[in-house]
Every structure is written in C-alpha cells, then in structure tokens.
Amino acid sequence: MPELPEVETIARGLHKWVAGDTIESVWLGEKPEPLKSPAHEIAEVLERSRIVEVRRVGKHIVFDLERPRKRRRLPVRHGQWIVHLGMTGRLQITAPETEITKHTHAIVKLASGREVRFVDPRRFGRLAVAHLDSPAGAGFAAPGAEPLDSQTQRFVDLFRGRKTPIKSALLNQKLLSGVGNIYADESLFRSGIRPRRRAASLTLQQLHRLHAALQEVLREAIALGGSSVNDYVDADGEEGFFQLQHRVYGREGEPCLVCGTPIKRVVIAGRSSHYCGRCQK
DNA sequence: ACTATTTCCTGGATGC
DNA sequence: TGCATCCAGGAAATAG
C-alpha cells in the first residue's frame, strides 16, 4: 500500500526512466475504468507530450508534460498526468513484447520504445489529467499540507479544535497529504501518543514531538526505499526495506521493542491501529 | 463545518 | 480438496 515514502521512491525511479521521453500513444482499458478524468481527455493531454519531470505530490505521482512547438519556439507546459496508486496500483516500465498481465488498465507508449503500464488488481487506483493551459489551469495541488515541508506551527494548527482521534486526523488527506496507516502508527509510537487520543487534547509538546517523529519516520523510510508489505515494489521492481524497521505496524501480540509489552491492535475509523499500551499515553 | 460510517474491489488467508 | 467467509486499505460518497 503505497504511502508517501513508497510513492516518493516510485516517482524518483520513474523519473530516472522516462524524463525527457515523449508519449506517442495511450491505450486505456475497458470500462469500468479506474479514471477520474474521461478517457478521451487523458489521451488528448498525454499524446505527443514530452515528460519533463515525474514527482510526488502527497500520495499522487505527477508527470509534468510539455508540448513541442514548431519553428524553434519554446515548448509549452500544457498539462499533467496524475496517478494515484490506491492500494495495489503499480506503474511498470516494460518492453513492448513483455506479456500484458491481468489487471492492466492503461499502456502508455514512449518514443524510446518503452512502455509505462498501469496495473491495479484491486482497482482503487485512479488516473487523471490536469490542464495547465486553461484559465483555471494552476495544475494539481494536494489539498492537505506536505508533511515533510510543513512548519511546526502549521502542523500544530491542523489539529486545533478537532475532536476526532489523532490517528484519523493523521490519515485525513485534507489535513496532511501522504500519511497512511503504516506511518501514522509508527509516528504515534515514536512520539508516545495513543492513536485514540482526541487530536485537540494533545499538548503543544506532544504535537511538536509528533511532528518531529513523523518527519523522522518518513525520511528514514524514503532512505530505505519504503515498506514492502504485501506486494509493493518500486519502479524498478525492487522491494523496500523499511518494513524491517516497523516498531508497531503489523506487530500485534509481539513484544514492544522498548518495554516488552505485547503490541495491541484496535480498529479506529475502520483501520487497524497498532500501539504499545505502556509506551503510548 | 465536522465527524462517523459505508462503499468500492479482489487476492490471499482462514475456517469448517 | 473445496467452498464460503473475512480481511486489507485510500478516499469518495453518504448520513448524521
């Protein structure tokens, strides 16, 4: 399940493979397609575009696109291809002769001969495009704050007056973009806060600790290429290694690495939440 | 304006 | 071995 560190790893890997390449054609699968934009619009924005950059915004992968123009005029950045991988979505770089696997929903053919394929068994992933050349064309922006950029004061302000459990608040993409179940649990453990604590009940000191822990855990995870639980692999098909560093996520019943108390698992807002009842208050 | 709950989807794990 | 049931999860939709 790609969260911020996994999407960051994938975006960097894709950038390495496709930056500078030109999209020749786009194939989109049969309905019901996992699209946020209509199929014709996706094809229209992507085809004959050059990929300038691939980067992460929240949990989204954004391909910045420009259209070459005639007579030595500078190319124009006209749009973006935006991919959300959901839980099981993958973007594969393949040769054209590679067998097309089940659940392949989109194939983007590049001038280099390579293909970018969107494969997503569970179909929670989404494809969309943004126009940069229309009047409202400011491009794609995540609704919430970027966890790695946001100032501590801004982070603290996100939770003011919120009665929802801190775990739910961390997962709310309108507040913070990019945090999912793994890194919510891991950052709460590292800052000693129970997931059910009401967001507004946290002290300033606790919020400062949480912010620092969240940035720390995200940065460590990016450095290790993300967490490979279930079937996550990066753009080169390589697994990450941060799952070996998980202190609570997926460790129900196992001893806390700090105090030895068995890790608890509870369900908050329909998501499993792992914590140490002794280390987290 | 918030918050909580339900829904989507399928492979893999579990239970009888 | 086979069949049914449950579970995982992000985010949009729905309900309160």
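Chain letters run A, B, ... following the sequence lines, proteins first and then strands; every chain starts at 1. Being a predicted model, the structure only gives us computed values, none of them experimental.
- Aromatic ring orientation, His84(A) versus His60(A): perpendicular (interplanar angle above 60°, classes split at 30° and 60°).
- When the options Lys167(A), Glu3(A), His274(A) are evaluated for a side chain to side chain donor-acceptor pair (under 3.5 Å) with Asn181(A), the one that passes is Lys167(A).
- Here dG9(C) presents its P atom at 5 Å from CG of Asn181(A), a figure rounded to the nearest Å.
- At a threshold of 4.5 Å between non-hydrogen side-chain atoms, the residues Glu186(A) and Val248(A) count as touching.
- As a whole-Å value, the separation of Ile166(A) CD1 from dT3(B) C1' is 15 Å.
- Leu176(A) has its CG atom 15 Å from the C1' atom of dA11(C), to the nearest Å.
- The nearest whole Å value for the distance from the NZ atom in Lys36(A) to the P atom in dG10(C) is 15 Å.
- Look at Lys59(A) and you'll find a side-chain N or O under 4.0 angstrom from OP1 or OP2 of dA11(C).
- Phosphate contact (OP1/OP2 of dA4(B), side-chain N/O of Ser168(A), threshold under 4.0 Å): absent.
- Comparing atom distances between the Glu3(A) side chain and each of dG10(C), dA11(C), dT3(B) picks out dG10(C) as nearest.
- Ranking dG10(C), dG11(B), dC9(B) by closeness to the Arg123(A) side chain, first place goes to dC9(B).
- Listed pair His84(A) / dG10(C) fails the phosphate criterion, with no side-chain N or O lying under 4.0 Å from OP1 or OP2.
- The side chain of Gln173(A) has dA11(C) as its nearest neighbour among dA11(C), dA4(B), dA8(C).
- At a cut-off of 3.5 Å, with distance as the only test, a side-chain donor of Ser49(A) or His78(A) sits close to an acceptor on the other residue.
- Thr88(A) has no side-chain polar atom (N or O) that falls below the 4.0 Å cut-off from OP1 or OP2 of dT10(B).
- Among the heavy atoms of the strands lying under 4.0 Å from Gly180(A) are primed sugar atoms or P, OP1, OP2 only; no base atom is included.
- Mapping Arg271(A) and Lys102(A) onto DNA chain B by nearest heavy atom places Arg271(A) closer to the 5' end of the strand.
- Follow the hydrophobic side-chain contacts under 4.5 Å out from Leu4(A) and you never reach Ile82(A); the two are in separate clusters.
- In the interface, the side chain of Arg122(A) is paired with the base of dA8(C) through a donor and an acceptor atom under 3.5 Å apart.
- Listed nucleotides dA4(B), dA8(C), dG11(B) differ in distance to His103(A); the shortest reach to its side chain belongs to dG11(B).
- The aromatic rings of Phe155(A) and Phe159(A) sit perpendicular, their planes meeting at an angle over 60°, well past the 30° parallel limit.
- The interatomic distance linking Arg162(A) (CZ) with dA4(B) (C1') rounds to 14 Å, in whole Å.
- Among the nucleotides dG9(C), dA4(B), dC9(B), the one closest to any side-chain atom of Ser272(A) is dG9(C).
- We find that CG of Asn172(A) is positioned 15 Å from P of dA1(B), with the value rounded to whole Å.
- For Tyr183(A), no side-chain nitrogen or oxygen approaches OP1 or OP2 of dG10(C) to under 4.0 Å.
- A stacking contact links Phe124(A) to dG10(C): the aromatic ring centre lies within less than 5.5 Å of the base's six-membered ring centre, and the planes differ by less than 30°.
- Distance CZ (Arg126(A)) to C1' (dG10(C)): 10 Å, rounded to an integer number of Å.
- In this structure, Arg160(A) reaches neither bases nor backbone, as no heavy-atom distance under 4.0 Å exists between it and the strands shown.
- Across the protein-nucleic acid pair, Asp185(A) atom CG and dG9(C) atom C1' stand 13 Å apart, rounded to whole Å.
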